[in-house]
Amino acid sequence: MRKWVNGRLINGNSIDLGVCYYPEHWDRSLWAEDLERMLAAGLKTVRIAEFAWNLIEPEEGIFTYGFFDGFLELAQRKGMQVIFCTPTATPPAWLTDRYPEALNADREGNLIHHGSRRHYNYNSPVYQEFCRRIVEKSASHYGQHPAIVGWQLDNEFNCENSEFYSESDTDAFRTFLQGKYGTLEALNEAWGTVFWNQTYTDWLQVDVPRKTNTDSVNPHLQLDYFRFISDSVCRFAGRQAEIIRKYCKDTDFITTNGIFGNIDYQRMSRESLDVLMYDSYPNFAYCLDDYQENDLMKDRKWSRNLAEVRAVSPNFGIMEQQSGANGWNTRMEAPTPRPGQLTLWTFQSIAHGADFISYFRWRTCNFGTEMYWHGILDYSGRENRRLLEVTEVSHKVKAIQEIAGSVYGAKVGILKDYDNIWDCQTDRWHARVDGVSQKSLFTVLQRAHVPFDYVYLDRNFGKMEPEELKKYDVLFYPHAAILTEERMALLERYVAEGGKLVMGCRTGYKEESGKCVTSCLPGLAAGLTGTDIPEYSFVAPDDGKVMAEWDGQRMEAAVFNDLPVPAGENAEVLATYADSYYAGTPALIRNRVGKGEACYFGGAFALDTAELFVQKLGIGEPYAEVMEIPAGCELAVREKKGTKYLFVLNYGKDPAEIVLKTGLRELLAGEIRYGAQVLEPYGVRIYKIDI
Ligand code: GAL
């Protein structure tokens with residue numbers, strides 16, 4: 001990853017606010033006043049141009065720069081910073097009409113038409129050339145403009161649709177596979193095409209996944225297809241970044257926004273980005289079509305997404321932070337954020353490492369698909385409650401500038417890798433266990449106030465050092481079906497040097513191709529976990545919940561049960577099944593290795609199970625000596641140079657009480673506080689601890 005130097009945002013020295021603006025949606029006469037009002041509200045950066053191809057190339061090969069020259073000149077005069085975007089998320093009608101090969105297609109090969117957005121495919125050589133040219137023209141023309149502080153590539157790669165089935169994708173998929181396998185024989189072997197007579201005898205027979213006679217296509221093909229999509233997006237982003245770098249100032253960063261499916265963001269960042277930005281819309285939890293009354297997390301779930309963002313960029317930006325109700329004309333009916341929620345969600349982002357927050361959007365568009373997707377202001381632009389709240393947020397952010405550059409502090413990690421993420425998308429058995437465990441672990445760690453990181457075992461980081469894992473006391477790798485020698489070697493060193501590793505059922509039963517291993521289960525994890533699995537089964541529906549007992553405490557072994565037995569002299573049984581025909585047999589094995597230990601649990605982690613693990617591992621409430629916090633509030637920790645900043649966030653619409661057991665400076669009030677404190681609904685507090 002290139003490091004941009006002396007950047008004006010996300011530079012470790014300040015936390016800043018901005019807003020998304022669409023000068024093309026408003027009469028020019030409004031621009032100056034809009035910019036002045038933004039600045040008065042503390043919003044010092046605007047993001048522009050991500051859907052505005054026609055304003056730079058209104059006809060094929062005709063380039064006009066006046067529109068954004070005018071806007072940038074005004075921005076500079078007013079002292080507004082600008083993030084400029086490449087417009088490739090929305091190819092013009094003149095382009096796709098003349099060159100339909102630029103369009104994406106559905107699984108059956110039908111073209112996806114003009115009229116919405118993100119209707120292109122990454123692999124069309126024609127579209128790639130148009131993109132190269134519009135990026136080159138934009139970057140060479142605007143690249144040195146003093147108002148510009150950074151560049152956004154495209155807009156939300158893979159949003160709306162993360163699968164591609166155009167003819168160009170098929171061609172590129174073949175090239176990708178030729179690079180990976182070399183020969184058709186090797187591909188046939190890796191995909192097990194002898195099964196159901198799928199053997200390929202010519203590369204031209206190999207296709208992207210198509211509609212088949214069952215709802216399944218060869219699973220190994222499907223897994224490689226997800227890898228291929230990621231490769232396509234990363235290369236598409238890389239080409240744009242390379243061009244921008246030729247023209248932009250050294251102080252300007254390159255970013256993209258959002259986290260979506262089928263993209264290896266670790267790779268994209270390494271190759272093309274200086275920093276990743278995220279689009280945070282916690283109000284989705286309150287849309288009528290998504291609302292789940294019994295969900296313990298609701299908008300707090302966005303902290304899970306933010307943990308994913310900081311797994312890529314420890315300090316990141318929020319390019320689009322919710323500021324109004326969600327709504328398209330075709331979907332999403334959502335309430336306006338309540339007083340305080342906009343503040344809460346802004347600090348939720350900052351708590352996880354965001355040093356730049358840009359609201360979506362300044363004024364709500366009064367036409368088009370997103371007429372109900374509200375910005376800070378409504379259609380008229382009149383002063384309103386949300387603008388007043390944003391202005392207050394900007395004062396609060398001024399009070400916490402010392403936090404800039406600090407990063408999230410966690411002692412617990414949840415390991416991830418893209419092979420397993422994408423395998424879950426191809427394999428229902430894998431998805432069933434992983435879905436349950438990921439949700440429970442997040443919920444339980446949140447409610448027990450355990451700061452945790454997602455840690456990616458990135459194959460391209462082959463060199464990942466055990467040191468990077470060593471900062472975690474405990475690592476969960478819940479259901480890594482696909483294991484590799486390289487990842488296991490890393491984990492073996494982590495455990496030997498004192499780490500605690502927890503794995504769950506269905507670990508190690510697959511190779512990289514997605515084929516099941518023929519060695520005894522849990523495959524490559526057998527040695528480290530001291531476990532042998534002679535038998536396994538889905539939990540039978542007529543068994544109800546299968547429970548296990550650990551030192552007299554009960555926990556569910558959810559969804560699927562491996563029946564593990566200890567193997568080796570350091571392995572011992574910690575818990576046994578209490579139900580079904582395997583009642584009394586081991587459910588949890590612990591293996592001591594070097595200075596650490598690895599555990600193998602036979603089920604998926606239900607909520608109560610994750611809770612018991614947190615209790616037994618002794619990782620719950622790590623700040624109990626400093627404060628007592630109710631489960632409904634999040635605790636997030638940022639730290640730098642001997643100082644910790646403890647964020648307490650109340651997601652409830654009722655007040656919450658916390659108790660400080662020692663006197664602590666609260667940064668927003670600028671005062672020392674001690675004892676019982678009442679957080680108002682959606683209230684935020686930030687306490688400073690010097691260590
Ligand atoms: C994001 C997107 C924006 C806008 C917003 C509200 O996904 O980047 O352009 O569409 O959502 O829908």
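Numbering of ligands and ligand atoms starts at 1, following listing order.
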> Less than 6.0 Å separating the ring centroids of Tyr247 and Trp151?
Replying inline: no
>> Looking only at the aromatic ring of each residue, does the gap between the centers of His113 and His119 stay below 6.0 angstrom?
In response: no
May I ask you to list the atoms of ligand 1 that are less than 4.0 angstrom from any heavy atom of [X]?
| X | result |
| --- | --- |
| Phe51 | 9 (O) |
| Phe360 | 3 (C), 4 (C), 5 (C), 6 (C) |
| Trp328 | 12 (O) |

Quick one: look up the protein heavy atom nearest [atom] and list residue, atom name and how far away it is.
| atom | value |
| --- | --- |
| atom 5 (C) of ligand 1 | Tyr281 OH, 3.4 Å |
| atom 11 (O) of ligand 1 | Glu320 OE1, 3.6 Å |
| atom 9 (O) of ligand 1 | Arg117 NH1, 2.9 Å |
| atom 7 (O) of ligand 1 | Glu156 OE1, 2.4 Å |
| atom 12 (O) of ligand 1 | Glu370 OE2, 2.7 Å |

>> If we set the cut-off at 4.0 Å for heavy atoms, which region of Glu160 has an atom near ligand 1: side chain, backbone, both, or neither?
In response: neither
> With a 4.0 Å heavy-atom cut-off (strictly under), which part of Asp279 contacts ligand 1: side chain, backbone, both or neither?
Replying inline: side chain
Pair [X] + [Y], salt bridge at N-O below 4.0 Å:
| X | Y | answer |
| --- | --- | --- |
| Arg118 | Glu156 | no |
| Lys298 | Asp295 | no |
| Glu60 | Arg98 | yes |

>> Any nitrogen or oxygen of Asn155 lying under 3.5 Å from a nitrogen or oxygen in ligand 1? Just yes or no.
In response: yes
> With only distance considered, is Trp373 within less than 3.5 Å of ligand 1 through an N or O on each side?
Replying inline: no
> Taking Tyr127 for the side chain and Thr88 for the main chain, is one N or O donor matched with an acceptor at less than 3.5 Å?
Replying inline: yes
> Name the one of Phe452, Tyr454, Tyr408, Tyr278 that satisfies ring-ring contact (aromatic ring centres under 6.0 Å, His included) with His352?
Replying inline: Tyr408
>> Run Ser303 and Gln348 through side-chain hydrogen bond (donor to acceptor under 3.5 Å, both in side chains) and show every step you take.
In response: CA-CA 7 Å; Ser303 293; Gln348 177 182 29; 3.0 Å; yes
